[in-house]
Undergrad: 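Here it is: the structure, laid out below.
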Amino acid sequence: MKSSADIRKAFLDYFAQNGHEVVASSPLVPLNDPTLLFTNAGMVQFKDAFLGRDKRSYLRAASSQRCVRAGGKHNDLENVGYTARHHTFFEMLGNFSFGDYFKREAISYAWEFLTRTLGLPAEKLWVTVYQEDDEAADIWLKEIGVSEARFTRIGDKPGGKRHESDNFWSMGDTGPCGPCSEIFYDHGPEVAGGPPGTPEEDGDRYIEIWNLVFMQYNRDAEGNMTPLPKPSVDTGMGLERLAAVMQGVHSNYEIDLFANLIKAASEVTGCSNLQEKSLRVIADHIRSCAFLVVDGVIPSNEGRGFVLRRIIRRAIRHGYMLGQKGAFFYRLVGPLCDEMGASYPELLSARALVERVLKQEEERFAETLEQGMRILEEVIAGLEGKQIPGETVFKLYDTYGFPVDLTADIARERDLSLDMEGFQREMEAQRERARAASQFGVNQEVSVGLEGETEFVGYECLEANATVVALYRDGESLDSLAEGETGLVVLDRTPFYAESGGQAGDKGVISAKGGMLFEVEDTRKQGGDVFGHIGKLEEGSLAVGDPVTAEVNAFTRQATALNHSATHLLHAALREVLGDHVAQKGSLVDDERLRFDFSQFEPVSREQLQRVEQRVNEQIRQNHMVETRIMSLEDARSSGAMALFGEKYDEQVRVLRMGDFSTELCGGTHVKAVGDIGLCKIIVETGIAAGVRRIEAVTGQRAIEWMEADEERVLRTVALLKGSRDDLEEKVMQLLERNRKLEKELEQLKGKLASAAGSDLASSAEDVAGIKVLAATLEGADSKSLRETMDQLKNKLGSAVILLAAINGDKVALVAGVTKDLTGRMKAGDLVKLVAEKIGGRGGGRPDMAQAGGNDPSALPQALALVSGWVEAHAGD
């Protein structure tokens, strides 16, 4: 038996000995590939090398790549827990050749590793090739000596459409493609299923463990395939599947790695049955969740963060099914570190962060889960048929925040389905209501979607001569603009920066001889790299072909540059103070202020915020020159330049460096030296979404003006308190203490008034079927006074049902009470719900005491009148 760690090491060692560069696993978030949600195969980090765009120092490589398939096209989430081999997270072992070796070597390496290094019996292995790949067939049959009895040619499915299972692989509809050769392991005749390529192939007897892809052709848009000048090899073998084979088990969840995680999940959930399906789900999900956080993904309501949130919540729900109501999932990070920390040290260094993120998400979801499960169980119990109504699914989602995919998961376990058409109808109705409620329209400039390119010269100068190449108004092409008209001007070259990367577009003027003056209010890209200057022709006329002078407003450009450069320093300082999980989630910089959104799972403390601001201003005082260089994307990565995940970059990128503190890819305009910023002052920090925080700051003259205004506020406060700056804090503390004393006195007075009112009210209780019933309004009472009065009335009346109300403005507070001897027949919660519904509210509580609120005081008298009838109806129960 070999452990999973032993197999991983044996694979990498074998290929290192055979001249392969062992390359570390890339992050789960692919860099420079917005087409992928997550890294889902070993070849992802080598994609540009296969396409010839990325020149490596080596021609052959091997890796053990961390992969996630839980969103987008490749999504195994729904199958996890129901099959023996589906995972949200897995490791893919792979060896790669970039135009070096081809089929013969790839096949030889695979066979030698499996049969000699690992010692798998040749008679237990089955090989397939693409039906037209005679070259690969000859290598397997004539050179390797595989028996024809364990060999299959597999081709196109009926209809001629190729699928991945047909042993022909392609990177996309066009581009590199080629035949595959797969190696299967035969688990023996005692397991159902037939060989690959037969009608019984979907059984579990023959399990694919290795796929060898031979990139041999380039396919064009018409489907024509031409041989590649340098054929390449891309292989992939699931570590978990191989470990199952080596350890003599049929399910991946029985291998050493999962066995230990399942045992740990058993301990934290209190479930002693190690065969429980939910334990497998939890053990799988802790791997994907932990490594996603390690690679910078934070739970949120969109994109990758949303997928992470779904996986976390699915794990929590399975813990809930096992009876675990408290936070438990985060406690599996330690056992995971024990299993995989030696191979992935980044997991060990991020352990505390991962635990905090998961625990916070658990605590946030706990209340939603319990409430949603209770409602869903009630619906299922009274369900007629096998489908949960769309209205119910929508109500759970919209009102209680219960995820639709969890509802679907639960339905699947009960052999039920969801009425998704009904759900979508409810969603659309909600959108219509939102649109109808909106009182404002949005007036946006029309993008004209031009092709071509405007030469940008704004890095070097703020003024340039140019020629008008196009004019537009409301998306319509024009030959000329007249004085007073608004429009969009396109020039062949411009110093104006077009809005991009969070930086606002430049303002300024376009002028010409003869007095023409066009006021530029904004600059935006139109289509690709065409710059549109948006504004109004203040004087003269302007026509296509006119020579003009374009001049950027130097003041707003410089003020914007201060804020943009400060944003880079802020990003670096946040990562330094809070941790490497901080990643930019959005930014906006103009001449007024900067706004920076970043991934962070909890509020930034005052002390942390002060430290961030101090570090930024320390860098400003050091006054490093701001260096910009154009280099290849690969060189930029190697230099440590920060890039935004999901962004698509050109082969040549602009790298901005500020001393040793900040190095990022950025196409914006910046200061010449960091000291030009002068001062950076953070003015607000807040949360804008789950897992995303926002900082707003001002720089330069704006920062000085903000601090002067703040100083003025302090001085006015000092004057109001009739003190000095030195005793301002003491004066405020005295005022607060006095306020607390007055509030306490007021509370005592309310209590006395409530007590007196209680004594008076007790005499007005009526007798209903031998039960004292009282429904009344207390003037000027708050919720606490109502509860205290309720306790007094229960003591005075003995066996009683009481409903007390208080009106404060347009709000109504209700408290219902039922003495202990009556709670078997009537519940305070039921009574308070009845009354609350009549005044536009809701509530609940214990059988003997319940509270509610409403917002329709005018309906209160009629609502209180219902109490006696309700008691009479329940008195005989």
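Every heavy atom of this structure was used, including side-chain atoms; hydrogens, water molecules and symmetry mates were not.
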Undergrad: What closest approach, in Å, do Gly853 and Ala836 show between heavy atoms, and which atom pair accounts for it?
TA: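 Heavy atoms of Gly853 and Ala836 come nearest at O-CB, 4.3 Å.
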
Undergrad: Determine, step by step, whether Phe329 and Lys359 satisfy the side chain to side chain contact (heavy atoms under 4.5 Å, CB included) criterion, reporting the C-alpha distance in whole Å, the side-chain angles of both residues, the deciding distance to 0.1 Å, and the verdict.
TA: CA-CA 7 Å; Phe329 192 48; Lys359 185 178 182 183; over 6 Å; no

Undergrad: Between Glu613 (side chain) and Ile682 (backbone), is there a donor-acceptor pair under 3.5 Å?
TA: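 Yes; judged by distance alone, with no hydrogens or angles, the pair exists.
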
Undergrad: Output yes when Asp848 and Lys820 qualify as a salt bridge under the 4.0 Å nitrogen-oxygen rule, no when they do not.
TA: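 Salt bridge between Asp848 and Lys820, a charged N being under 4.0 Å from a carboxylate O: yes.
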
Undergrad: Check Leu803, Ile839, Leu774 against Leu864 for a side-chain contact (heavy atoms from CB on, under 4.5 Å) and give me the one that passes.
TA: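 Testing Leu864 for a side-chain contact (heavy atoms from CB on, under 4.5 Å) against Leu803, Ile839, Leu774 leaves exactly one candidate, Leu803.
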
Undergrad: Between the side chains of Thr699 and Asn563, is a donor N or O closer than 3.5 angstrom to an acceptor N or O?
TA: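 There is such a pair between these side chains.
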
Undergrad: If we ignore hydrogens and angles and just use 3.5 Å, is the side chain of Thr628 paired with the main-chain N or O of Leu656 as donor and acceptor?
TA: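 Absent.
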
Undergrad: Compute whether any side-chain donor of one residue and acceptor of the other, for Glu499 and Thr523, lie under 3.5 angstrom apart.
TA: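 Note: Glu499 and Thr523 side chains miss the donor-acceptor criterion.
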
Undergrad: Does some side-chain heavy atom of Leu308 sit less than 4.5 Å from a side-chain heavy atom of Val293?
TA: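 Heavy-atom side-chain distance check passes, below 4.5 Å.
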
Undergrad: For the residue pair Asp726 and Ser724, confirm or rule out a side-chain donor-acceptor distance under 3.5 Å.
TA: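 There is no such pair between these side chains.
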
Undergrad: Which is it for Gln503 and Thr560 under the side chain to side chain donor-acceptor pair (under 3.5 Å) test, yes or no, and what are the steps along the way?
TA: CA-CA 8 Å; Gln503 179 177 329; Thr560 302; 5.8 Å; no

Undergrad: How far does CG of Asn808 sit from OG of Ser783, to the nearest 0.5 angstrom?
TA: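 One finds 8.0 Å between CG of Asn808 and OG of Ser783.
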
Undergrad: Using a strict 4.0 Å threshold on nitrogen-to-oxygen distance, state whether Arg593 and Glu696 make a salt bridge.
TA: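 Salt bridge between Arg593 and Glu696, a charged N being under 4.0 Å from a carboxylate O: yes.
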
Undergrad: What's the spacing between Lys585 NZ and Arg693 CZ if we round to 0.5 Å?
TA: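 Going from NZ on Lys585 over to CZ on Arg693, the span is 15.0 Å.
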
Undergrad: Could you please spell out the steps behind the side chain to side chain donor-acceptor pair (under 3.5 Å) verdict for Gln608 and Ser605?
TA: CA-CA 5 Å; Gln608 289 172 327; Ser605 70; 3.3 Å; yes

Undergrad: Is Gln600 reaching over with its side chain to a backbone N or O of Glu602, donor-acceptor style, under 3.5 angstrom?
TA: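 Yes, because the side chain of Gln600 sits within donor-acceptor range (under 3.5 Å) of the backbone of Glu602.
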
Undergrad: In Å and rounded to the nearest 0.5 Å, what is the CG to CG distance from Leu574 to Leu609?
TA: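 Answer for the CG-CG pair, Leu574 versus Leu609, is 8.0 Å.
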
Undergrad: Heavy atoms only: give me the nearest Leu797-Ala765 pair and the separation to one decimal.
TA: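 What the structure gives for the nearest pair is CD2-CB, 4.0 Å.
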
Undergrad: Could you measure the distance from the CD atom of Gln324 to the CD atom of Glu362? Nearest 0.5 Å is fine.
TA: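 It comes to 8.5 Å.
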
Undergrad: How about Glu788 and Ser785: does a side-chain donor come under 3.5 Å of a side-chain acceptor?
TA: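 Judged by distance alone, the side chains do not pair up.
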
Undergrad: Heavy-atom distance under 4.5 Å between the side chains of Glu730 and Gln734, does that happen here?
TA: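 Yes, close enough: below the 4.5 Å cut-off.
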
Undergrad: Start with the C-alpha gap between Arg611 and Glu618, add the side-chain angles, then the distance that decides, and say whether salt bridge (charged side-chain N to carboxylate O under 4.0 Å, His left out) holds.
TA: CA-CA 10 Å; Arg611 182 58 182 153; Glu618 283 172 10; 3.6 Å; yes

Undergrad: Short question: side chain of Ser565, backbone of Val671 - any donor-acceptor pair under 3.5 Å?
TA: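 Pair found, side chain donor or acceptor close to backbone of Val671.
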
Undergrad: Would you verify whether the NZ or CZ of Lys325 falls within 45 degrees of the ring axis of Tyr320 while also being under 6.0 Å from that six-membered ring's centre?
TA: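 Yes - Lys325 lies over the ring of Tyr320, closer than 6.0 Å to its centre and within 45° of its axis.
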
Undergrad: Go through Asp590 and Thr556 one step at a time and tell me if the side chain to side chain contact (heavy atoms under 4.5 Å, CB included) criterion holds.
TA: CA-CA 8 Å; Asp590 56 23; Thr556 57; over 6 Å; no

Undergrad: Is the shortest heavy-atom distance from the side chain of Leu569 to the side chain of Ile677 under 4.5 Å?
TA: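 Yes, at least one pair of side-chain atoms sits under 4.5 Å.
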
Undergrad: Within a radius of less than 6.0 Å around CD of Glu729, do more than 12 heavy atoms belonging to other residues, nucleotides or ligands occur?
TA: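 Result for CD/Glu729: open.
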
Undergrad: Between Arg740 and Glu745, is there a side-chain N and carboxylate O pair less than 4.0 Å apart?
TA: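 Salt bridge between Arg740 and Glu745, a charged N being under 4.0 Å from a carboxylate O: no.
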
Undergrad: With side chains defined as the heavy atoms from C-beta onward, is the minimum distance between Gln851 and Arg787 less than 4.5 Å?
TA: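 Yes - at least one pair of side-chain heavy atoms lies under 4.5 Å apart.
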
Undergrad: Tell me, with the steps shown, if Lys827 and Val818 meet side chain to side chain contact (heavy atoms under 4.5 Å, CB included).
TA: CA-CA 7 Å; Lys827 304 286 190 293; Val818 176; over 6 Å; no

Undergrad: Given 3.5 Å as the limit, does a donor-acceptor pair link the side chain of Thr819 with the main chain of Ala800, or not?
TA: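 Yes, Thr819 side chain to Ala800 backbone: donor-acceptor pair under 3.5 Å.
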
Undergrad: Run the numbers on Val29 and Val297 for side chain to side chain contact (heavy atoms under 4.5 Å, CB included), then give the verdict.
TA: CA-CA 8 Å; Val29 180; Val297 182; 3.5 Å; yes

Undergrad: For Arg356 and Glu361: C-alpha separation, side-chain torsions, deciding distance, then whether salt bridge (charged side-chain N to carboxylate O under 4.0 Å, His left out) applies.
TA: CA-CA 9 Å; Arg356 291 203 306 275; Glu361 187 67 15; over 6 Å; no

Undergrad: State, with a plain yes or no, whether a side-chain heavy atom of Leu594 is found less than 4.5 Å away from one of Ser587.
TA: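 Not in contact.
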
Undergrad: Do the charged groups of Glu837 and Arg842 touch, with an N to O distance under 4.0 Å?
TA: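 No, no charged N to carboxylate O under 4.0 Å.
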
Undergrad: Are Arg713 and Asp710 close enough for a salt bridge, meaning some N to O gap below 4.0 Å?
TA: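 The answer is yes: the pair qualifies as a salt bridge.
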
Undergrad: Has Ser599 got a side-chain atom pairing as donor or acceptor with His581's backbone, closer than 3.5 angstrom?
TA: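 Pair found, side chain donor or acceptor close to backbone of His581.
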
Undergrad: Please tell me whether His571 and Phe598 form a close aromatic pair, meaning their ring centres lie under 6.0 Å apart.
TA: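 No, ring centres 6.0 Å or more apart.
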
Undergrad: Could you tell me which non-hydrogen atom of Arg331 sits nearest to which non-hydrogen atom of Ala327, and how far apart they are?
TA: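 In this case the closest contact between Arg331 and Ala327 is CD-O, 4.2 Å.
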
Undergrad: Only one of Glu743, Lys741, Glu737 forms a side-chain contact (heavy atoms from CB on, under 4.5 Å) with Asn739, so which one is it?
TA: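 Checked Glu743, Lys741, Glu737 against Asn739; only one passes side-chain contact (heavy atoms from CB on, under 4.5 Å): Glu743.
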
Undergrad: Is any side-chain heavy atom of Asp506 less than 4.5 Å from a side-chain heavy atom of Asn553?
TA: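 A side-chain contact under 4.5 Å is absent here.
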
Undergrad: Please give me the minimum heavy-atom distance between Val698 and Glu592, naming the atom from each residue.
TA: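 Distance-wise, the nearest heavy atoms are CG1-O, 3.8 Å.
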
Undergrad: Taking 4.0 angstrom as the limit, do Glu521 and Lys507 come out as a salt bridge?
TA: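 Salt bridge flag = no for Lys507 with Glu521.
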
Undergrad: Can you find a pair of side-chain heavy atoms, one from Lys811 and one from Ile807, that are under 4.5 Å apart?
TA: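 No, their side chains stay 4.5 Å or more apart.
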
Undergrad: Report the distance from atom CZ of Arg317 to atom CD1 of Ile312, rounding to the nearest 0.5 Å.
TA: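 That separation rounds to 16.0 Å.
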
Undergrad: Of all heavy-atom pairs between Val832 and Ala816, which one has the smallest distance, and what is that distance?
TA: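 Smallest interatomic distance, heavy atoms only, reads CB-CB, 3.9 Å.
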
Undergrad: Using side-chain heavy atoms (C-beta onward) and a distance below 4.5 Å, is Phe661 in contact with Glu576?
TA: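 Yes, their side chains come closer than 4.5 Å.
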
Undergrad: Which pair of heavy atoms, one from Ala828 and one from Arg846, lies closest together, and at what distance?
TA: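 Taking every non-hydrogen atom into account, CB-O, 3.7 Å.
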
Undergrad: Looking at CE of Met658 and CE of Met625, how far apart are the two atoms once the value is rounded to the nearest 0.5 Å?
TA: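 The distance works out to 11.5 Å.
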
Undergrad: Indicate yes or no: does Arg694 engage Glu685 in a salt bridge with an N to O separation below 4.0 Å.
TA: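 Salt bridge: no.
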
